[in-house]
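Inspection log for the structure reproduced underneath, given as structure tokens.
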Amino acid sequence: MPLLPGAQPFRHDGGEIGVLVCHGFTGSPQSVRPWAEHLARQGLTVSLPLLPGHGTRWQELAITSWEDWYAEVDRELRGLAERCRHVFVCGLSMGGALALRLAARHGARVSGVALVNPAHKMHDRAAPALPVLRHLIPSVKGIVSDIAKPGTPESGYDRVPLNGAYQLRRLLQEVDGELPRVTQPLLLMHSAQDHVVPPVDSARILSRVSSRDVTELVLERSYHVATLDHDAELVFAETHAFISRLARGIDQDSGDVDPGTDTRFGKEGAAASGGA
């Protein structure tokens, strides 16, 4: 099955800090590839998988389940954990929900979580009827390219299969019940104006997780796909600073490194936590 433009998975072998990046529902790696590539340029080991049923045609998404999507990112996380000293998870929209479930279920294997406009709940009034509607209506209009920056399209489906929407709802319900098990440091970046996932989703996540190290950043100039929007560089810089701070702190606590000379956090070494 031919892939949509930019839908190819992305992997980069870097240092001992690993990052798993998860794309969103009906989207593809294209929507978060600049995020992953930025982290790779800092010398990190990065994995950005293509979720099953995505990046081809919407009919393929209609025959996958949320368990398929989660199994893919779970497999990638385990692979990173075998190669890397510390592993962080990042996600956009539904990818944020997947990242939170990984954090809840893998505990100390995940050193931190960075999210952009994470999805928490389906707010459409028809959502409770999806178990029936999915058998009656194959698909509805798609939700890609909610981007304020002109001339910056998102590569994704122009139709949403209702069975896929049903699977998404099941995933979000599952994740909501697991949020109290999320204890890792959390960076949550959400747009002030988002036409796909309302800010209340971020507020709900922040109220439910058990993380004590929490940073909330409001993205004033971007819509839902902020990783392709006006605030993209801010997202990238804040994510790298977050990862660098935590990775260095973990190793200092264990007495394993000299922060003035260590270079495993990227090209800028110990100075990386001070900015982009």
Side-chain angles (χ1 to χ4, degrees), residues 1-9 22-32 49-74 91-101 115-148 152-179 190-191 193-202 204-205 223-229:
M1 182 67 64
L3 294 178
L4 295 174
Q8 297 83 359
C22 308
H23 70 77
F25 180 66
T26 75
S28 76
Q30 180 263 351
S31 61
V32 289
L50 171 64
L51 299 178
H54 291 75
T56 54
R57 57 176 190 157
W58 68 263
Q59 290 88 346
E60 296 298 311
L61 181 57
I63 57 175
T64 62
S65 69
W66 74 264
E67 291 94 344
D68 297 326
W69 312 332
Y70 180 75
E72 183 68 22
V73 295
D74 183 82
L92 166 69
S93 194
M94 181 190 77
L98 292 170
L100 287 165
R101 189 165 201 260
L115 309 174
V116 174
N117 293 319
H120 172 265
K121 180 181 179 181
M122 294 188 68
H123 297 272
D124 192 294
R125 293 180 180 179
L130 281 172
V132 175
L133 289 177
R134 65 191 177 116
H135 297 297
L136 304 174
I137 304 173
S139 67
V140 295
K141 185 179 178 181
I143 54 174
V144 296
S145 294
D146 186 36
I147 301 171
T152 310
E154 179 187 13
S155 181
Y157 296 151
D158 59 1
R159 304 292 297 179
V160 176
L162 286 200
N163 185 59
Y166 167 71
Q167 296 297 329
L168 173 60
R169 184 169 185 258
R170 290 180 59 208
L171 168 65
L172 298 181
Q173 290 173 330
E174 192 77 18
V175 172
D176 180 61
E178 297 180 329
L179 287 178
H190 62 90
S191 299
Q193 188 173 357
D194 186 330
H195 305 96
V196 178
V197 174
V200 68
D201 280 31
S202 291
R204 171 70 172 176
I205 289 168
Y223 294 161
H224 183 63
V225 192
T227 48
L228 296 178
D229 216 326

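Numbering starts at 1 and runs along the sequence shown. Computed from heavy atoms alone, side chains included, the values below leave out hydrogens, waters and symmetry copies.
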Task: Pairwise side-chain contact, Gln167 with Asp68, heavy-atom cut-off 4.5 Å (strictly under) - done: no
Task: Any side-chain heavy-atom pair of Ser93 and Phe25 under 4.5 Å - done: no
Open item on the list: Donor-acceptor pair, distance only, cut-off 3.5 Å: does the side chain of Ser155 make one with the backbone of Pro5?
Closed with: yes
Open item on the list: Has Ser145 got a side-chain atom pairing as donor or acceptor with Pro153's backbone, closer than 3.5 angstrom?
Closed with: no
Open item on the list: Whether the side chain of Asp194 engages the backbone of Pro199 through a donor-acceptor N/O pair (distance < 3.5 Å, no angle test) should be reported.
Closed with: no
Task: Closest non-hydrogen atom pair between Ala226 and Val116, with its separation - done: CB-CG1, 3.8 Å
Open item on the list: Side chains of Tyr157 and Thr56: any donor to acceptor distance under 3.5 Å?
Closed with: yes
TODO: Look only at the side chain of His54 and the backbone of Pro52, and say whether a donor-acceptor pair between them is shorter than 3.5 Å.
DONE: yes
TODO: Using only heavy-atom distances, determine whether the side chains of Ser28 and Gln30 contain a donor-acceptor pair under 3.5 Å.
DONE: no
Task: Pairwise side-chain contact, Ile205 with Pro118, heavy-atom cut-off 4.5 Å (strictly under) - done: yes
TODO: Compare all side-chain heavy atoms of Val140 with those of Leu162 and state whether any distance is below 4.5 angstrom.
DONE: yes
Task: NZ/NE/NH1/NH2 to OD/OE distance under 4.0 Å, Asp176 and Arg204 - done: yes
Task: Flag side-chain contact, heavy atom, 4.5 Å: Leu50 against His23 - done: yes
TODO: Indicate yes or no for a side-chain donor-acceptor contact from Asn163 to the backbone of Ala62 under 3.5 Å, with no hydrogens or angles considered.
DONE: yes
- [ ] Indicate yes or no for a side-chain donor-acceptor contact from His190 to the backbone of Asn117 under 3.5 Å, with no hydrogens or angles considered.
- [x] no
Open item on the list: If you define the side chain from C-beta out and look only at heavy atoms, does anything of Tyr70 sit under 4.5 Å from Leu98?
Closed with: yes
Open item on the list: Please check: side-chain N/O of Asp229 versus main-chain N/O of Ala148, any donor-acceptor pairing under 3.5 Å?
Closed with: yes
Task: Non-hydrogen side-chain atoms of Ile143 and His224 separated by less than 4.5 Å - done: no
TODO: Return yes if some donor-acceptor pair links the side-chain N/O of Arg159 with the main-chain N/O of Trp58 below 3.5 Å, else return no.
DONE: no
TODO: Specify the closest pair of heavy atoms between Leu61 and Trp69, including all atoms of both residues, with the distance to one decimal.
DONE: CD1-CZ2, 3.6 Å
Task: Minimal non-hydrogen separation, Pro49 against Pro29, with atom names - done: O-CG, 3.7 Å
Open item on the list: Taking the side chain as everything from C-beta on, heavy atoms only, tell me whether Val73 gets closer than 4.5 Å to Arg101.
Closed with: no
